[in-house]
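Notes for the one structure printed next.
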Amino acid sequence: MPEKTYDHAALELKWCEAWKADPELYKAREDGRPKFYCLEMFPYPSGKLHMGHVRNYSIGDTLARYMWMRGYDVLHPIGWDAFGMPAENAAIKNRRHPAEWTYANIAFMKAQMDRMGFSYDWAREVTTCDADYYKWNQWFFLKMYECGLAYRKDADVNWCPDCATVLANEQVEEGRCWRCSSVVVIRTLPEWFFKVTQYADELLSDTYTIEKGWPERVLTMQRNWIGKSEGAEADFTHSATGEKIRVFTTRIDTIYGATCVILAPQHPLVARLMTGDAYAPIKEMIDDVARKGPGDIEKAGVFTGHTATNPFSGEQIPIWVGNFVLMGYGTGAIMAVPAHDQRDFEFCTRYGIPVRPVIRPVDGALADPAAMKEAFGDYGVVENSGPYSGLTSEVARVRMAADAQAGGFGNASTTFRIKDWGISRQRYWGTPIPMIHCEQCGVVPVPERDLPVRLPLDVEFTGKGESPLAQSADFLNVPCPACGAPAHRETDTMDTFVDSSWYFYRFCDPSNADAPFDSGRVARWFPIDQYIGGVTHAILHLIYSRFFTKVMRDLGLVANSEPAANLFTQGMVLKGGTAMSKSKGNVVDPDEMVVKFGADTCRMFTLFAAPPERDMEWDEKSIEGVYRFVSRVYRFVSRNASLTPAPGGDWNPADRKALRKLHQTLAKITQDFENRWHFNTSIAAMMELMNELTAQESAMSPAAMAQVTSVLCLMLAPFAPFAAQELWTTDLGRTGHVFQQPWPVSDADLAREEGAEVPVQVNGKLRAKLVVPFGTAKEELERIAKAEPRVRPWVKGKEVVKVVVIPDKLVNIVVKT
RNA sequence: GGGGGAGUGGUGGAAUGGCAGACACAGCAGACUCAAAAUCUGCCGGGUGCACAACCCGUGAGGGUUCAAGUCCCUCCUCCCCCA
């Protein structure tokens, strides 16, 4: 057949239309074949896909197509993380309802996804701002409220004055808002919380059950975030009033070395000890920490003028207030043991507070406090500690905690760094929290039958003042469900991380009107076999998703304890060495690239430029290399395609070379899919194959060529679905969808090299290469190697100490020099 | 300060104790062409050699283990990420 020009635009648009006309094309069948749930993190509908999306979805799509070809029943859904502040900010700016903006963005991005050839089952599309979806957020909230997992309390919250909203701690970066970079201030408000801490232990221990399928660094980050520390609590006593000051410490064995008690600035006792003018520096301290974030502040403190009594030694030590003590961690008060904690050491030496060593190294003496340059933080032997002197730290910790408990002034205790999840947002574009405030009855849940609590439409978006929901009279005013008296609705909406904590379950049963999903259908698909997304979600989204799964399990809704068996985190797409961003003006628009090179080339380039887990550089020049490759394959197959298959088996030398490379390549790509997803090397292998095929082309038999073109087309299908489909249908004259064909099996006989190429080294340096039949005996190999003319001069006249022979692999002759 | 990555040609990267630099980009030379584009072919880490051959050096620095180290171990430097 004559060679055809690779007209990417025409053939891609043709198949794009054809695929769109078949809504069942990528349908998950639920037909009893082994299942594979392939999931990419759903996007926020910001308006347009960016290259990060293209990379993420190209990885997932390539995998999904491969799994289809391997005969799996693949579930490959997508949806929209559609609530959130940008829609509302856009509404303020353009006087356009957030819903309008959001749905327009979704329509646009959906078309972009289709144009990229992503194999999504659109019948399962989920959009979190649909009442059909957020109704179930509310339902989960009520269930959690019933069992005490959702509660309301006054909280010091991070307030962004520009966004006029509360931010989660993790949304504060270096004291600034993660979105708009405004300086964050502290406010106290009643807020709704999910009790994540109730699951802290399990969230931690289960990181070990999913270890083999999740990246180590994600699990490490989560473990650090959970921050379990086992220690003890002990009550110091305010000397003047006898009031107890409870401290948490991981090193109760050092308590005889405590030389002061330090309170967090927000500790309730502080406000009582430091009244009037004395409180001013404390206020200053609180604001300062809020401004700079707990990271970069210099340690500073204020003496309260009061003392406290050590419950073990009876000693009176000063009470200080320190800016580095966090109210939210432990008890908000610490005992400072400068001799054995580096942070305490820095604080105490700064303020002239004594340093008193009470732990010595097992094989050394107690340090001289005057000579100490830094704290001794290791375990050792306890000294100068009353009845505990002479014990090891390990023994003393246990015994002292027990004695504290017996004496009623403390106990062994575990604390976690992770805090309960504050979900309240003073915003419009989110899920309304289904609660009603009644003067008589207090806080009353909305009855389940009244769900969903819908967002009202008659709202002005000014960007000023309190939540827009508070302005809607229709929304705000309701009769109390308990007593019928006039009451008003909660106007806070939920953090959007609630939406994304369970969306992957809804994909199993997306239009269920009676329940969030049917448990049986979820059981069929869960856990997710492969979850793919950015490492930026390593902590929050993934920990909240794991929390939700455990809550759902305890509600009897799902059987699994973890949402995803395997997680893959892809690297970022860079341009000019840094992440693409509008502010840097280095954004590459996928649409432009698709027009220029086609979707196949774009997808393949995101896979070729670097291994998927690493950051990749978008290079306009390099992508041309991939375009050339796709185009070469296309022309090669089109000019060599034959509609009449020829009988084979009697291969000429060119056939053998071509088929050998073909089957070697197939084996390599299959390996890459099964093991490590280094698609950059898969694509490189196909490029090598093309180089070999071009060299053998003119001498190959029709039968060999028929095999080569067909297998090549199948191998290409997961990576470049448009070109592969076009060649499969039009040029090879086959029927059906190429991604539904069985993945070809590499023929080991055809793939085998004719002989083993064995490098010969002398003292580890390459001197010659032999080609010998496979399985040549060790002795024979050694003999041939020694006889090799290129080797002889290096061995001649020298004493051979040793010869290492690895059959079919290598010979190393070691001589005395 | 703690934890985790990474460091290989002009560039992106390959090599899971066994031939360093696959594949590609850029560059150089050639074929085709009136010419250009496209396409195809060859060369392409550094050094010594007229050239060929041959040899030497070379994976951030230094040490170690091993017949053999980009790969494993120790010390150090630089960069990135996460947590303080």
Side-chain angles (χ1 to χ4, degrees), chain A residues 3 5-6 169-170 173-174 215-227 293-297 299 324 326 329 341-343 345-346 374-375 377 417-418 534-536 538-540 569 571-572 574 576-579 604-605 607-611 613-629 631-632 635-636 665 668 671-672 675-676 678-692 694-695 697 756-770 790 793-794 800-816:
Chain A
E3 176 178 305
T5 314
Y6 176 54
N169 281 329
E170 45 277 14
E173 291 164 351
E174 318 256 310
E216 187 57 38
R217 80 188 167 119
V218 171
L219 295 176
T220 305
M221 280 191 239
Q222 293 211 354
R223 286 168 194 150
N224 290 339
W225 188 257
I226 294 164
D296 291 325
I297 49 163
K299 288 181 190 62
F324 65 101
L326 303 174
Y329 179 78
D341 179 282
Q342 186 58 28
R343 291 196 308 176
F345 183 83
E346 286 165 21
E374 57 179 15
R417 210 188 73 94
I418 194 172
V535 75
T536 40
I539 298 178
L540 298 174
T569 50
M572 289 185 301
L574 312 177
T578 45
M604 257 185 138
F605 180 65
L607 301 177
F608 177 68
E613 72 278 8
R614 291 246 290 264
D615 289 350
M616 64 160 281
E617 176 72 21
W618 189 272
D619 177 22
E620 191 83 30
K621 278 292 181 191
S622 293
I623 192 175
E624 287 175 21
V626 175
Y627 181 80
R628 275 198 279 273
F629 166 71
S631 157
R632 273 180 86 190
R635 293 194 316 267
F636 178 88
T665 306
K668 154 127 190 89
Q671 278 287 310
D672 280 341
N675 295 336
R676 53 172 207 171
H678 277 201
F679 300 129
N680 54 328
T681 62
S682 309
I683 294 167
M686 281 193 275
M687 289 172 168
E688 279 187 67
L689 170 63
M690 275 313 298
N691 292 341
E692 181 70 28
T694 318
E697 183 176 6
E757 196 185 54
V758 178
V760 181
Q761 299 177 338
V762 178
N763 285 355
K765 290 198 171 182
L766 180 71
R767 296 303 176 192
K769 288 178 190 180
L770 309 173
R790 302 249 292 97
W794 298 98
V800 175
V801 180
K802 183 173 181 177
V803 181
V804 180
V805 183
I806 299 157
D808 299 346
K809 287 287 254 185
L810 169 127
V811 177
N812 189 9
I813 302 168
V814 186
V815 299
K816 210 167 205 169

Value in whole Å for how far the [atom2] atom of [N] lies from [atom1] of [X]:
X	N	atom1	atom2	answer
A/N691	B/G42	CG	C1'	13 Å
A/E613	B/C81	CD	P	18 Å
A/R790	B/A53	CZ	C1'	10 Å
A/I683	B/A24	CD1	P	12 Å
A/E697	B/C40	CD	P	11 Å
A/I418	B/C82	CD1	P	18 Å
A/Q761	B/U66	CD	C1'	13 Å
A/K621	B/C25	NZ	P	10 Å

Across all strands, who's sitting opposite [N] as a Watson-Crick or G-U wobble pair, both distances under 3.5 Å?
N	result
B/A54	B/U48
B/U16	none
B/C79	B/G5
B/A24	B/U11
B/C40	B/G30

Quantified in whole Å, what is the [atom1] atom distance between nucleotide [N] and nucleotide [M]?
N	M	atom1	value
B/C72	B/G7	P	11 Å
B/G49	B/G13	P	36 Å
B/G1	B/G70	C1'	31 Å
B/C25	B/G9	C1'	13 Å
B/C40	B/C56	P	38 Å

Under 3.5 Å, is there any donor-acceptor pair linking the side chain of A/N224 to the base of B/C83? no
Tell me if the side-chain of A/E757 makes a donor-acceptor pair with the base of B/C19, cut-off 3.5 Å, by modelled atom types. yes
With the side chain counted from C-beta on, respond yes when A/H678 and A/S682 share a heavy-atom pair under 4.5 Å apart, and no when they do not. no
Judged by atom type as modelled, is there a donor-acceptor pair below 3.5 Å linking the side chain of A/E613 to the main-chain atoms of A/T569? no
Please confirm whether the backbone N or O of A/G571 pairs with a side-chain atom of A/R614, one donor and one acceptor, at under 3.5 Å? no
Between A/K802 and B/C67, is there a side-chain N or O to OP1/OP2 distance below 4.0 Å? yes
Would you say B/C55 has OP1 or OP2 under 4.0 Å from some side-chain N or O of A/R767? yes
What string of B, S and - do you get for nucleotides 6-17 of chain B, 5' to 3', when a contact is any protein heavy atom under 4.0 Å? ------BSSSB-
Looking at CD of A/E624 and CG of A/D619, how far apart are the two atoms once the value is rounded to the nearest 0.5 Å? 9.0 Å
